[in-house]
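Only one structure is covered here, and it is reproduced in the block below.
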Amino acid sequence: MSPYAAGRRRVHRSVAAVVPLAVAAALLSARSADASAPAAQAQVVRTAMLGDVPLGTFSNGLLPGSVADDRGVDLGGIGSDIYPAGRKGEFWTVTDRGPNGQIKVNGSKRRTFPVPGFDPAIVRIKVTGDSVRVLRALPITTSSGRPVTGLPNQAGRDEAPYSYDARTALSYDPNGLDTEGIVRAADGSFWLVDEYGPSLVHVSARGEVLTRYVPRGLGLTGTDYPVVEALPEVLLHRKINRGFEGLAQLPGGDLVIALQSPLSLPDTDAGEASLTTRLLRFSPKRKAVTAEYAYRFDPVGVVDPGEDDTSELKISSVVAVGGDRLLVEERTDRAARLQVVRLDRKADILGGRWDDDTTSPSLEQLADPAGSGVPVLAKRLAVDLGKVAGVPGKIEGVARVDHDTLALINDNDFGMTDGTGAFDAQGRLVDSGIETKVVHVRLPRGI
């Protein structure tokens, strides 16, 4: 048994005919009409849950002495992404930066890190029946083997880190990563994306950061691994805590990176109101971005009926589904829709006026980018997960199991909530009760 499978466990039980030509034509017509609402027939066919593993036990098993006090937090957050591991029921997942929340102090929100010694990790899991088991975990480390940590990098650019009660300021860490998407390359190494830089991170098969690719002009210094400024400078305008989140690997080896939210360009208000974000194509061979695409969200009320705040829209996952086609997840914390897009070469905007942050109006400010001559990626709805019974909220990872089936994983935020009630008087977590789940959804018409 894996040492990480030990600990407290709460397990949830989840539940040839000849057809006349006229009839065949009618059936075909009905299928075509029904294609506008594919979610009505999609269904959950499996639900599995991660049992309770104390975070201190997990972290110290990877890096002894890294966590002195886990404050009663269990392993979670592995739902930042999910990627097939090559064996039935097995997947690679990745944690985010670790337990974190927000507490208001004198009217201003402070970002808390209750377990500052936590180190992001790549976690291999196995889904068996209704349970999720950790098979293996790799701590993400620097060139000298030290933990990268999940702490913010730069004062003035990233949120300031504080202790669990928001009373004590913590130190920034230039090595820190807020890891999100994950894919595994043919040579066994991993590619991850990060929200801080935002950055694309190449990690060895043992978890060591080989190279971190960041936007030109970021000026990140003091790291214990190589940093290369190879991404478009315009990405410096990423919204705080909304950098890169989705990552896909195309059949030829190129990577597609999704910016979680529209850039704050020219300012925060423009980004909050915008429906246009960006996808990047990166060549590992050339170590360079080779294309950039404008991606247009559906209105927030379409993605999440009842929600009226456009800034709640995010891309959390992108999945290669053959050739230059992708599944793109548009979501809020309560609902998600998967769209199929094709990366049309004619839609490439890399290096043009929309990468110039002095362009006015900016790409993000355009109410109708296509009408203004921007080649926005065309998309087709594959499934509305908000209409599929049994799909949990805050789905951040999507993997293709086969032609008809997707594996979804949620981010349970390590059981944390925001506000002063997140911890009791003894500084122990008041758990939200939200568990990490892997859900399999079958699409009758496939992808």
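Residues that satisfy the side-chain contact (heavy atoms from CB on, under 4.5 Å) test with Ala166, not counting sequence neighbours, are Ile103, Val105, Arg110, Thr112. Tyr295 meets the side-chain hydrogen bond (donor to acceptor under 3.5 Å, both in side chains) test with Glu330; sequence neighbours excluded. Every residue meeting the side-chain contact (heavy atoms from CB on, under 4.5 Å) condition with Tyr164, not counting sequence neighbours, appears here in chain and number order: Arg71, Pro114, Phe423. In terms of the salt bridge (charged side-chain N to carboxylate O under 4.0 Å, His left out) criterion, residue partners of Arg124 (sequence neighbours excluded) are, by chain and number, Glu90. Lys109 is linked by a side-chain contact (heavy atoms from CB on, under 4.5 Å) to Gln102, Lys104, counting only residues two or more places apart in sequence or in another chain.
Checking side-chain atoms of Ser59 against main-chain N and O of Val67 turns up no donor-acceptor pair under 3.5 Å. Using modelled atom types, one side-chain atom of Asp96 and one backbone atom of Gly98 make a donor-acceptor pair closer than 3.5 Å. A side-chain donor-acceptor contact under 3.5 Å links Thr179 to the backbone of Thr95. Tyr196 places no side-chain N or O within donor-acceptor distance of the main-chain N or O of Pro174, the cut-off being under 3.5 Å. Looking at Asn412, its side chain does come within 3.5 Å of a backbone N or O of Ile434 through a donor-acceptor pair. The closest donor-acceptor contact from the side chain of Asp413 to the backbone of Met416 lies at 3.5 Å or more, if one exists at all. For Lys379 (side chain) and Arg296 (main-chain N/O), a donor-acceptor pair under 3.5 Å exists by modelled atom type. Looking at Glu229, its side chain never comes within 3.5 Å of a backbone N or O of Val214 through a donor-acceptor pair. Side-chain atoms of Arg400 come within 3.5 Å of backbone atoms of Val321 as a donor-acceptor pair (strictly under, hydrogens ignored). Using modelled atom types, one side-chain atom of Thr332 and one backbone atom of Ala335 make a donor-acceptor pair closer than 3.5 Å.
Checked for salt-bridge contact, Arg334 and Glu307 meet the test: a charged N lies under 4.0 Å from a carboxylate O. Look at Arg281 and Asp348 and you find no salt bridge, because none of the NZ, NE, NH1 or NH2 atoms lies under 4.0 Å from a carboxylate O. Under 4.0 Å is where a charged nitrogen must lie from a carboxylate oxygen, and between Arg428 and Asp70 at least one such pair does. Using a 4.0 Å cut-off between a side-chain N of Lys or Arg and a carboxylate O of Asp or Glu, Arg337 and Asp384 qualify as a salt bridge. Comment: Asp173 does not engage Arg146 in a salt bridge, judged by the lack of any side-chain N to carboxylate O separation of less than 4.0 angstrom. We find that Arg238 and Asp158 are joined by a salt bridge, their nearest charged nitrogen and carboxylate oxygen being less than 4.0 Å apart.
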Item to complete: Test ring pair (Phe, Tyr, Trp, His ring centres under 6.0 Å) on Tyr83 and Phe190 and set out the steps.
Response: CA-CA 11 Å; Tyr83 190 78; Phe190 298 92; 8.8 Å; no

Worksheet item: Are Val134 and Ile78 close enough, and set up right, to give a side-chain contact (heavy atoms from CB on, under 4.5 Å), and what steps lead you there?
Response: CA-CA 10 Å; Val134 174; Ile78 66 171; 5.6 Å; no

Practice prompt. Go through the steps for Asp333 and Arg331 under the test salt bridge (charged side-chain N to carboxylate O under 4.0 Å, His left out), then give the verdict.
Written response: CA-CA 7 Å; Asp333 282 355; Arg331 74 165 181 90; 2.8 Å; yes

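Annotation: side chain of Phe414 is not in contact with side chain of Val115 (no heavy-atom distance under 4.5 Å). Side-chain atoms of His202 and Tyr225, non-hydrogen and from C-beta on, never get closer than 4.5 Å to each other. For the pair Ile447 and Leu406, the minimum side-chain heavy-atom distance is below 4.5 Å. When side chains are defined from C-beta on, Ile409 counts as touching Thr93, because their heavy atoms get closer than 4.5 Å. No side-chain heavy atom of Thr417 sits less than 4.5 Å from a side-chain heavy atom of Val430. Between Leu275 and Val300 there is no side-chain heavy-atom pair separated by less than 4.5 Å.
At most 12 non-hydrogen atoms from other residues, nucleotides or ligands lie less than 6.0 angstrom from CZ of Arg442.
What you find for Arg342 and Leu377 is that their closest heavy atoms are O-CD2, 3.5 Å.
A donor atom on one side chain and an acceptor atom on the other are not found under 3.5 Å apart for Asn175 and Thr142.
Pairs engaging residues 175-185 under the salt bridge (Lys or Arg N to Asp or Glu O under 4.0 Å) rule: Arg97-Asp178 [sequence neighbours left out].
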